[in-house]
Structures are given as C-alpha cells and as structure tokens.
Amino acid sequence: MRANSPVLEPPIVDYSNRRAACQAFRASHIPYTYWYEDALRYHGSSTILFSLYLLVNSILEAERCLRSLGWISGELSAYAPQFSDPAVDEHVVLVHPKNPDAVVVLMSASSWPGITPSTDDSDEAHYPPLPRLHNALAQRFLDTECDAFRRYLNLQIGYLYECPAAASPDFVAALPPDIQQFHIDWRSETLRMHARKTIEHEREIRARARQGQWELMQEGSAALGGLKIDREYEAKLLAMMEANATKRTST
C-alpha cells in the first residue's frame, strides 16, 4: 500500500505585522531583499516608512506565494512617487485583507546591480549591506533616462547619506571602483548631482573607471565638468529671503 504524501502545514504568518510577507517568504524559502525606506532605516536613516518594497528573483514566484496565503491585488496611493523606471522595471502591488494598509511592492532584483536576494532564515540577513545599497541606487541614478525616477533616487541617496557608516572615510573603499568618484562628488557638495550636465560628467568618469583609466580625485571632480553649485548666488538668495521675511514681520 502506498504511503500518503505528507500534508504541508501553511506557514505561520502574523498578518498584523507590516512585514508579514517576509515571514511568508522565509517559510517558503523565497529569496527577497528589503529595499528603499526599510533598508535605509535599518542602516540609520531618518526616512519615514511607506510601502514595503521588496526585491525578489522572480516576481511571479513571489506573487504566487503571497496569493496562496490570501494576499490580493492592491493599489498605490495617487501620491506615490515614481519609484521605478517604466522602461526597465516591472512591479506587482499586493495587500492582505487582514491588514490592507500594509502595501507590499514586489520588484525584480535583476534591475539592481550587485543585489542578490537571500533565502536565509534570519530576517536581518535580508537587509542589503550599505555599500551594495549605495552602489545599486547610484548606478540606476546614472543609468535611467526617466527624470521622475531619477528625482526619486536622488531623494533615496540623500537619505542614505544620513546613515553613519556612509560618513566613514572607509566607506569609499567598500564601493565598486566605478562608483567611488560619484560618492566623493556627492559628499563634496560641489556639483548639482541631478543636473543633466553632471549626469553626463559622472557617466564619463564611470566609463573611464571601468577601463582602469581613472584616478580618484579626493577633493571632487567639479574642476573637470558637471554643473557646479553657485554658493555665492545661493548666499545672496538666502539673504534676500531673510530680508523679505524680516520686512513682513515688522509691518
């Protein structure tokens, strides 16, 4: 007589937990990586948590896992930012009826350089190391042609630089060589990093670094190109705004 196949018990998931989807993934050995605000907060940024963005190897596999446990299609807020490049990225939005405010956004890890989702049983193992997070955000910042997406990445990178480790002198050495000058230039605050002129400048540096033809400029590369920040103009503008505010207060 043939033995009956064992009945698989459904994973224990706390649906009231904002990260319930991650509990389901770990129980089902679905690889995932925390992304955007969750990853930044883990490393010490003050950013506010919004939707739960997760990078996965297979959106289809991850979606099937969650739907089998009751997740259904969800919608993003009308005010949701442009968190992906429509020409490159796909995403799926899911919610669970027991916690409809906990929006889960599944995105493909293949679009993010250097990111390999883990199947580790420890939840903490699914946060990307800060240098890898920085590299992936910065590479996409330079690669995208979607201005709205680049503005969103500009915000994410700005929050990343609140993380204590990003201020360490050792941080640059932990980055891939082709993105190290980008980090130095951002920290130098001498260039408008989101400007098209600066994007082209940083792309050229990255290409040269990949060919082994670039030496790091520790003081920043603004002398060679990019759109420089006009500190004198900013100071005059600030003084004018303060004078107008004082005038309004006195009247």
Side-chain angles (χ1 to χ4, degrees), residues 3-86 88-130 132-134 136-137 140 152-153 155-156 159-160 163:
N4 293 330
S5 300
V7 177
L8 296 178
E9 294 291 334
I12 298 176
V13 176
D14 177 8
Y15 295 104
S16 66
N17 190 320
R18 179 178 168 274
R19 300 188 178 97
C22 300
Q23 296 175 356
F25 287 159
R26 291 197 301 278
S28 301
H29 306 290
I30 301 292
Y32 71 93
T33 295
Y34 287 113
W35 208 235
Y36 289 148
E37 289 84 10
D38 280 81
L40 290 170
R41 279 288 290 271
Y42 174 77
H43 288 290
S45 172
S46 66
T47 183
I48 298 173
L49 298 179
F50 297 99
S51 298
L52 176 61
Y53 295 95
L54 300 172
L55 300 186
V56 294
N57 288 339
S58 169
I59 293 178
L60 181 60
E61 180 186 32
E63 180 183 5
R64 283 175 176 168
C65 172
L66 295 186
R67 286 190 183 277
S68 71
L69 296 172
W71 268 265
I72 60 176
S73 297
E75 294 183 358
L76 293 169
S77 165
Y79 303 102
Q82 186 66 52
F83 60 84
S84 63
D85 186 336
V88 177
D89 300 297
E90 296 181 3
H91 68 269
V92 169
V93 181
L94 299 171
V95 297
H96 199 283
K98 292 183 179 180
N99 191 0
D101 293 330
V103 177
V104 179
V105 182
L106 303 177
M107 304 171 65
S108 175
S110 63
S111 301
W112 298 90
I115 299 301
T116 304
S118 170
T119 57
D120 198 287
D121 291 336
S122 168
D123 182 61
E124 190 170 2
H126 296 266
Y127 290 96
L130 192 62
R132 291 186 188 177
L133 175 61
H134 176 283
L137 294 175
R140 293 297 303 274
Y152 179 73
L153 292 176
L155 179 65
Q156 295 290 312
Y159 275 116
L160 183 146
C163 303

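We number each residue from 1, following the sequence as shown. Given the structure is predicted, the values throughout are model-derived calculations rather than measurements.
In this structure, Asp38 and Arg18 have side chains that are in contact, with non-hydrogen atoms separated by less than 4.5 Å. When side chains are defined from C-beta on, Leu66 counts as touching Phe25, because their heavy atoms get closer than 4.5 Å. Put simply, the side chain of Val93 does not reach to within 4.5 Å of the side chain of Val104, judged on heavy atoms. In this structure, the side chains of Leu133 and Leu160 come closer than 4.5 Å at one or more pairs of heavy atoms.
Taking OG of Ser118 as the reference point, atom OH of Tyr127 lies at 13.0 Å (rounded to 0.5 Å). Here CG of Leu69 is found 11.0 Å from CD of Gln23. Values are rounded to the nearest 0.5 Å. Once rounded to the nearest 0.5 Å, the distance linking CG of Leu40 with CD1 of Ile48 reads 12.5 Å. Here the CG atom belonging to Leu54 is positioned 10.0 Å from the NE2 atom belonging to His126, to the nearest 0.5 angstrom. Here the CG-NE2 distance, from Leu55 to His91, works out to 13.0 Å after rounding to the nearest 0.5 Å. Taken from SG in Cys65 to CG in Leu94, the straight-line distance is 10.5 Å, to the nearest 0.5 Å.
Between the side chain of Ser84 and the main chain of Pro86, no donor-acceptor pair closer than 3.5 Å is present. With hydrogens and angles disregarded, no donor-acceptor distance shorter than 3.5 Å links the side chain of His96 to the backbone of Arg67.
Side-chain contact annotation: Thr47 with Ser45, donor-acceptor N/O pair under 3.5 Å absent. The closest side-chain donor-acceptor pair between Ser111 and Asp89 falls under 3.5 angstrom.
For Trp71 and Tyr15, the gap between ring centers is short of 6.0 Å.
Using bins of under 30°, 30° to 60° and over 60° for the plane-to-plane angle, the ring pair Tyr53/Tyr36 lands in the perpendicular bin.
Taking a cutoff of 4.0 Å between a charged side-chain nitrogen and a carboxylate oxygen, Asp123 and Arg26 qualify as a salt bridge. Taking a cutoff of 4.0 Å between a charged side-chain nitrogen and a carboxylate oxygen, Arg41 and Glu37 do not qualify as a salt bridge. The residues Lys98 and Asp14 are annotated as not salt-bridged, no charged nitrogen and carboxylate oxygen being separated by less than 4.0 angstrom.
With a 6.0 Å cutoff to the six-membered ring centre and a 45° limit on the axis angle, Arg19 counts as a cation-pi contact of Tyr34.
Within 6.0 Å of the CZ atom in Arg64, the count of heavy atoms belonging to other residues, nucleotides or ligands does not exceed 12.
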Checklist line | side-chain contact (heavy atoms from CB on, under 4.5 Å) between Met107 and Val56, worked out | finding: CA-CA 6 Å; Met107 304 171 65; Val56 294; over 6 Å; no

